[in-house]
Peer 1: 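To start, I am sharing the structure in question, which I have written as structure tokens.
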Number of protein chains: 4
Amino acid sequence: MPKHEVKSTVKDEELIQKRREQISRGAVKLFIDKGFHRTTTREIAKEAGFSIGTLYEYIRTKEDVLYLVCDSIYNEVNMRLAELDTNDNTIEGLRLAIANYFEVINVMSDEFLVMYQESKSLPSEALRYVLTKELEMVQQFETIIQRCMEAGNLRIGPEEVSLAAHHILVQGQMWSFRRWALRREYTLERYIQVQTDQIIQGLEK
Amino acid sequence: MPKHEVKSTVKDEELIQKRREQISRGAVKLFIDKGFHRTTTREIAKEAGFSIGTLYEYIRTKEDVLYLVCDSIYNEVNMRLAELDTNDNTIEGLRLAIANYFEVINVMSDEFLVMYQESKSLPSEALRYVLTKELEMVQQFETIIQRCMEAGNLRIGPEEVSLAAHHILVQGQMWSFRRWALRREYTLERYIQVQTDQIIQGLEK
Amino acid sequence: MPKHEVKSTVKDEELIQKRREQISRGAVKLFIDKGFHRTTTREIAKEAGFSIGTLYEYIRTKEDVLYLVCDSIYNEVNMRLAELDTNDNTIEGLRLAIANYFEVINVMSDEFLVMYQESKSLPSEALRYVLTKELEMVQQFETIIQRCMEAGNLRIGPEEVSLAAHHILVQGQMWSFRRWALRREYTLERYIQVQTDQIIQGLEK
Amino acid sequence: MPKHEVKSTVKDEELIQKRREQISRGAVKLFIDKGFHRTTTREIAKEAGFSIGTLYEYIRTKEDVLYLVCDSIYNEVNMRLAELDTNDNTIEGLRLAIANYFEVINVMSDEFLVMYQESKSLPSEALRYVLTKELEMVQQFETIIQRCMEAGNLRIGPEEVSLAAHHILVQGQMWSFRRWALRREYTLERYIQVQTDQIIQGLEK
DNA sequence: AATGAATGAGCCTTCATTCAT
DNA sequence: GATGAATGAAGGCTCATTCAT
């Protein structure tokens, strides 16, 4: 699926990149605080460091800002994950990948929350694009699991690979969504340990 | 925690109950369709079958409606779960409880989605109350797991009981949140089977 | 052609009529002064005597106001003309009809100017409706001319009836459009006399 | 009345002329399409073939563009009329002048429409200048009529000369303003014939 | 208890104009 | 002379809430 396009009246492509990063960075803060709907475009402009007029040189609608935010979060997550990809096919490699993912979520906990709570407000085309991004993440884990299977280190039915990958993602999101309950009882390290144990165990029946 | 109170100018307690049910039932439909913020109070009144003036005789703010909705969803879920509680302490009992819960979620999938996506818009006091409701559900599963443990049918550390309960809840919500991906590949029956297997297996190390 | 409909959230049909008259009356004043585009909806509301919110209970868009204005002007003109229709078929009757029409234009000169200068801003459906109203006026004069012809008091080709009617209308509008030039040199009475003479003479070849 | 002056930061008088012609030519197109108020300065610049910054080197306000447009239309009309002036003093000469004028209007029908619908938006000083241009056209016809009168070919009172000239102009504009009605029933040729007949007849009482 | 007209703060967006490069 | 990014005042419109009937 091609990238969802956000129209801009500005020609300098580099400047567009720079300004949109400012927008995105500012907007996340606000969305975390007050949610998408309670944040005004003026606040976004101010937080980004320029006037409302300038904001609208780089986006066409408020929803574009939400898309920019979601896109940049996904990109950062994928980048961080790619950075740490060990590319081996042992159980230990899977374990590490999971731990990395959980740590990324821990760092970007607020961003995750925003993305999952607000993405429903995206116009449908943009929403579809964002969902493909989510699927890409699922596929990253599917690949890792697949590699383990093929190397004989994991014994699960091939139809369960996808579910297992979703499972891992959701388990990670749980650390973001339910932190109000979990952080009372767990440190990140302990959470990672217990959850990976359980996930791996579930995959080795 | 005491129930969050919604002020009304009407005295007749019974009428209040009836009207609020109408409001809640109508509002869920609309929230499912368009989300909380995109739904207007006028639409809510219309869907409930009376005028905007009357709506405001039974609530004080729009957020009250959201609270009413969340509250009624939780109540319905808890009712349905309680109905099916076998109260035994075997693994089979746990398995059945999980299946029940998943089936309830399947039926109320839209409602769950609304609740988890919109509850952040509740005023903090109401939010806290709703979270206690969520915790009650966690506790229901904690109790079941505990009973299994005490009967010797499960061997997990006591500190992990709470996490396991959260785990079950999240696994269920996953069926609601990620249906865009999961329903392509799984039927509810198969999903229940695979997930309960994995959960139980995770608890029997 | 059915009347172009303007949506309202208010139910009381009588109140709608009353409010729309207020709107129309206030708006004409402003449009005469500053034109449609330079007049703000806030100003319209204020001039009509209520708040911006109330204004929008009776219209859906700013263009609706323009339509209301055009419609009410046409209605008033047609009413005034009908009032004075002698319904006879002599040249004298035609002469009187023309004089009446010119006098109406003289009284509603500003309104005419507004209508002809701004109606292009109407959405196409409303524009079409307004044009049919204009055609109705043309037809009123066509009928009068026809009657004179049939009574043998006028001798023009039947294909020229329509043009003659347009001619009369335009001659009247001229008194509104070019008053900056004409009122320096003519009184209404003299203008009526000279123009009707010429029109009638043109019809008697 | 001296020409209304439009300030420019550019010195090269020739370049100014060239650019302003570009502006005017582009703007008419847009004004015909969307009217003055709905056309943006950016669109004007683009249509003219340069940047918004450059546009503002040759004008000071958006209204200047409207003035440029009106001025250029009048100049073109006057040029075309002068070109065809037979300068004789017969009825036939008058007839020809009228036909010429109607043909010019037919060719520049859109431009006429724009001018008469939008000139009200000119700042008052520019408006006054444009009105003098209109008066010049009136005077051209007054002169022709006068010459006919003095040559004994026309017998109308001297106070009616001006009115007759206005009459001719308005009759021509009618072909532009009411084309939605007239072009269904008339060709230009027939319209010219019928109208000149009537006008001339009206002048020969 | 029910109704629905009235209110106005506040939102998103546009666009004429400027000015540094 | 030309460019185009930046500005912010201002505009159209919505909607939660109130209150007289």
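Just so we're on the same page: letters track the sequence lines, and every chain starts at 1. What you are looking at is a predicted structure, and each value in this text was computed from that prediction instead of being measured.
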Peer 1: Would you mind classifying the nucleic acid contact of T61(C) as base, sugar-phosphate or nothing, using non-hydrogen atoms under 4.0 angstrom?
Peer 2: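 Sugar-phosphate contact only - T61(C) comes under 4.0 Å of backbone atoms but never of a base.
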Peer 1: Is it the case that atom CZ in R60(D) sees more than 12 heavy atoms from other parts of the structure closer than 6.0 Å?
Peer 2: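 Atom CZ in R60(D) is not crowded, with 12 or fewer foreign heavy atoms closer than 6.0 Å.
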Peer 1: Would you please say whether a donor-acceptor pair under 3.5 Å links the side chains of R25(A) and Q22(A)?
Peer 2: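 No, Q22(A) and R25(A) have no side-chain donor paired with an acceptor closer than 3.5 Å.
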Peer 1: Under the rule for side-chain hydrogen bond (donor to acceptor under 3.5 Å, both in side chains), what residues qualify as partners of R20(B), not counting sequence neighbours?
Peer 2: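 Listed in chain order: nothing, the list is empty.
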Peer 1: Does anything in residues 36-47 of chain A come within less than 4.0 Å of DNA chain F? Heavy atoms only, and list the residues if so.
Peer 2: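 Here the set is R42(A).
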Peer 1: Among residues at least two apart in sequence or on other chains, which ones pass ring pair (Phe, Tyr, Trp, His ring centres under 6.0 Å) with Y56(B)?
Peer 2: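 Listed in chain order: nothing, the list is empty.
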Peer 1: Tell me the interatomic distance from L30(D), atom CG, to dA16(E), atom P, rounded to whole angstroms.
Peer 2: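 That distance rounds to 12 Å.
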Peer 1: Does the plane of the ring in Y58(D) sit parallel, tilted or perpendicular to the ring in F50(D)? Use 30° and 60° as the thresholds.
Peer 2: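 Y58(D) vs F50(D) ring planes: tilted.
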Peer 1: Report yes if the side chains of E43(A) and K46(A) come closer than 4.5 Å at any heavy-atom pair, otherwise no.
Peer 2: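 Side chain of E43(A) against side chain of K46(A), heavy atoms only: no contact under 4.5 Å found.
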Peer 1: Could you pull out all residues at least two apart from E21(C) that satisfy salt bridge (charged side-chain N to carboxylate O under 4.0 Å, His left out)?
Peer 2: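 Partners of E21(C) by the salt bridge (charged side-chain N to carboxylate O under 4.0 Å, His left out) criterion come out as none, since no residue qualifies.
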Peer 1: If we only count heavy atoms from C-beta on, is the L113(A) to I32(A) side-chain gap below 4.5 Å?
Peer 2: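 Counting from C-beta outward, L113(A) and I32(A) never come under 4.5 Å.
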Peer 1: Could you pick out which residue, K62(A) or T9(B), lies toward the 5' side of DNA chain E when each is mapped onto its nearest nucleotide?
Peer 2: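 Result: T9(B).
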Peer 1: Evaluate side chain to side chain contact (heavy atoms under 4.5 Å, CB included) for K62(A) paired with F36(A), printing each intermediate quantity in order.
Peer 2: CA-CA 9 Å; K62(A) 192 186 172 191; F36(A) 174 67; 3.9 Å; yes
Peer 1: If we only count heavy atoms from C-beta on, is the D110(B) to K29(B) side-chain gap below 4.5 Å?
Peer 2: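 When only atoms from C-beta onward are counted, K29(B) and D110(B) do not touch, as no gap falls below 4.5 Å.
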Peer 1: Run the salt bridge (charged side-chain N to carboxylate O under 4.0 Å, His left out) test against E118(D) and tell me which residues pass, sequence neighbours left out.
Peer 2: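 Testing E118(D) for salt bridge (charged side-chain N to carboxylate O under 4.0 Å, His left out), a comparison that skips the adjacent residues, returns K120(C).
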Peer 1: Going by heavy atoms closer than 4.0 Å, what residues in residues 50-58 of chain D are next to DNA chain E?
Peer 2: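 Per residue number, the list reads I52(D), Y56(D).
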Peer 1: For D33(D), give me all partners under side chain to side chain contact (heavy atoms under 4.5 Å, CB included), at least two apart in sequence or on another chain.
Peer 2: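 Once residues adjacent in sequence are excluded, D33(D) has no partner under the side chain to side chain contact (heavy atoms under 4.5 Å, CB included) criterion.
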Peer 1: According to side-chain hydrogen bond (donor to acceptor under 3.5 Å, both in side chains), who are the partners of T61(C), at least two apart in sequence or on a separate chain?
Peer 2: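 Once residues adjacent in sequence are excluded, T61(C) has no partner under the side-chain hydrogen bond (donor to acceptor under 3.5 Å, both in side chains) criterion.
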Peer 1: First and last nucleotide of DNA chain F in contact with chain D, 5' to 3', at under 4.0 Å to a heavy atom: what are they?
Peer 2: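 Span of nucleotides near chain D: dG1(F) to dA6(F).
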Peer 1: Can you give the dot-bracket line for DNA chain E, where a pair is Watson-Crick or G-U wobble with both atom distances under 3.5 Å, crossing pairs use [ ], and | marks a partner on another strand?
Peer 2: .||||||||||||||||||||
Peer 1: Give a yes or no on this: more than 12 heavy atoms of other residues, nucleotides or ligands lie within 6.0 Å of atom NZ of K34(C).
Peer 2: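 It does: K34(C) NZ has more than 12 such atoms within range.
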Peer 1: Name all residues meeting the ring pair (Phe, Tyr, Trp, His ring centres under 6.0 Å) criterion together with Y67(B); count only those two or more places apart in sequence or in a different chain, and write none if there are none.
Peer 2: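 Per chain and number, Y67(B) pairs via ring pair (Phe, Tyr, Trp, His ring centres under 6.0 Å) with H4(B), Y129(B).
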Peer 1: For E63(D) and for I59(A), find the nucleotide of DNA chain E with the closest heavy atom, then tell me which residue's nucleotide is more 5'.
Peer 2: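 Whichever sits nearer the 5' end wins; that is I59(A).
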Peer 1: Counting only non-hydrogen atoms, which of residues 10-22 of chain C are less than 4.0 Å from DNA chain E?
Peer 2: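 Heavy-atom contacts with DNA chain E come from V10(C), K11(C), D12(C), L15(C), R19(C).
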